[in-house]
Amino acid sequence: MSRRIEPFHLDVLKEVGNIGAGHAATALSSLLDKDIDMKVPQVKLEPFHMFGNMFREDMENVAAIYFRIDGEVTGSMFFMLPVKEANSFVQKLTGDTSQKITVSNTTELAVSALSEAGNILAGSYLTALADFTRLNLIPSPPGFAVDMASAILSYALVPLSAAADEALIIETEIIENDRESNKVLNGYFFFLPDPGSLGKILQSLGVPADE
């Protein structure tokens, strides 16, 4: 990248993420009819080759919601979570324990429910980012896949890898606050800006170019 990223800059992006998470938590609370909280434990720029290390062996198969981002900034966004946690979340969302997400067989309602949650999460984050940067960001309708994380990410990484070497990762945690604050799921946002777009975001947030 042509810009030096300092911890302060990631703190700004984390604050943007937390604002988006707050909006998403409000929407999910209404959807689930439960008291939901969301937080962003960390935001970081990660080299593409390190992405596979983010998922433990038992988390290799993930459910993913995919968005293409257009507008003044372009790129790809993924919301990923382990299949086991995706099933738990979908069943809470639908109130139906028969709804399943698996590599070989996923129910239509489960896909619809998870896609709606992905729409809420991605839309809330992009709205917060657009408010901070004054840039126009437009998400596509969501796509859905169940596969190894590396296989899903390669869909976006292959065309990007020749022109960029890292992407913005926003870790999200969703908490159900009733009773004993049981964790519903952990997930990852992968925001993969097209070449030039991440620099445009950082410049809008006040990150100076390197001399």
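Worth knowing before you read on, the calculation uses all heavy atoms, side chains too, and leaves out hydrogens, waters and symmetry mates.
Atom CD1 of Ile101 sits about 15.0 Å away from atom NZ of Lys84, to the nearest 0.5 Å. In this structure, the separation between CD1 on Ile174 and CG on Asp37 is 10.0 Å, given to the nearest 0.5 Å. The distance from atom OG of Ser115 to atom CD1 of Ile120, rounded to the nearest 0.5 Å, is 11.0 Å. Remark: Leu137 CG to Thr74 OG1 distance equals 10.0 Å, nearest 0.5 Å.
With a 4.5 Å cut-off on side-chain heavy atoms, Tyr66 and Pro142 do not count as touching. Side-chain contact between Val103 and Asp147: absent, with no pair of heavy atoms (C-beta onward) separated by less than 4.5 Å. Within the 4.5 Å cutoff, the side chain of Thr172 has heavy atoms near those of the Phe79 side chain. The closest side-chain heavy-atom distance from Pro7 to Leu10 is not below 4.5 Å. Contact of the Val62 side chain with the Met148 side chain is not registered, since no non-hydrogen atoms from C-beta on lie closer than 4.5 Å.
For the side-chain hydrogen bond (donor to acceptor under 3.5 Å, both in side chains) condition, no pair includes a residue of residues 13-25, sequence neighbours left out. Among pairs with a residue in residues 123-144, none fulfils side-chain hydrogen bond (donor to acceptor under 3.5 Å, both in side chains), at least two apart in sequence or across chains. Sorted by first and then second residue, the pairs that involve residues 96-108 and meet side-chain hydrogen bond (donor to acceptor under 3.5 Å, both in side chains), not counting sequence neighbours, are Asp96-Ser98, Asp96-Gln99, Gln99-Thr107.
Not counting sequence neighbours, the partners of Lys39 by the salt bridge (Lys or Arg N to Asp or Glu O under 4.0 Å) test are Glu173. With sequence neighbours excluded, the residues satisfying side-chain contact (heavy atoms from CB on, under 4.5 Å) with Pro139 are Phe67, Ile69, Leu126.
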Below 3.5 Å, can you tabulate the donor-acceptor pairs from side chains in residues 26-33 to any protein atom, sequence neighbours excluded?
residue: Thr26; atom: OG1; partner: Gly22; partner atom: O; Å: 3.2
residue: Ser29; atom: OG; partner: Ala25; partner atom: O; Å: 2.8
residue: Ser29; atom: OG; partner: Lys34; partner atom: O; Å: 3.3
residue: Ser29; atom: OG; partner: Ile36; partner atom: N; Å: 3.0
residue: Ser29; atom: OG; partner: Ile36; partner atom: O; Å: 3.4
residue: Ser30; atom: OG; partner: Thr26; partner atom: O; Å: 3.4

Self-check item: Verdict with supporting geometry, Phe191 and Leu129, side-chain contact (heavy atoms from CB on, under 4.5 Å)
Solution: CA-CA 12 Å; Phe191 184 31; Leu129 185 60; 4.1 Å; yes
Quiz item: Does the pair Leu114 and Phe144 meet the rule for a side-chain contact (heavy atoms from CB on, under 4.5 Å), with working shown?
Solution: CA-CA 9 Å; Leu114 195 62; Phe144 173 80; 3.9 Å; yes
Practice problem: Determine, stepwise, if the pair Lys200 / Asp194 fulfils salt bridge (Lys or Arg N to Asp or Glu O under 4.0 Å). | Solution: CA-CA 10 Å; Lys200 188 180 292 187; Asp194 290 341; over 6 Å; no
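Transitive grouping of hydrophobic side chains (ILVMFWY, heavy atoms separated by less than 4.5 Å) brings Val111 and Val90 into a common cluster. Cluster membership for Leu109 and Val146, using ILVMFWY side-chain heavy atoms within less than 4.5 angstrom, is not shared.
Shown here for Leu135 and Ser204, the closest heavy-atom pair between the two residues is CD1-OG, 3.5 Å. Across every non-hydrogen atom of Gly118 and Ile65, the tightest pair is CA-CG2, 4.3 Å. Scanning both residues, Ser197 and Val73, for their nearest heavy atoms gives CB-CG1, 3.6 Å.
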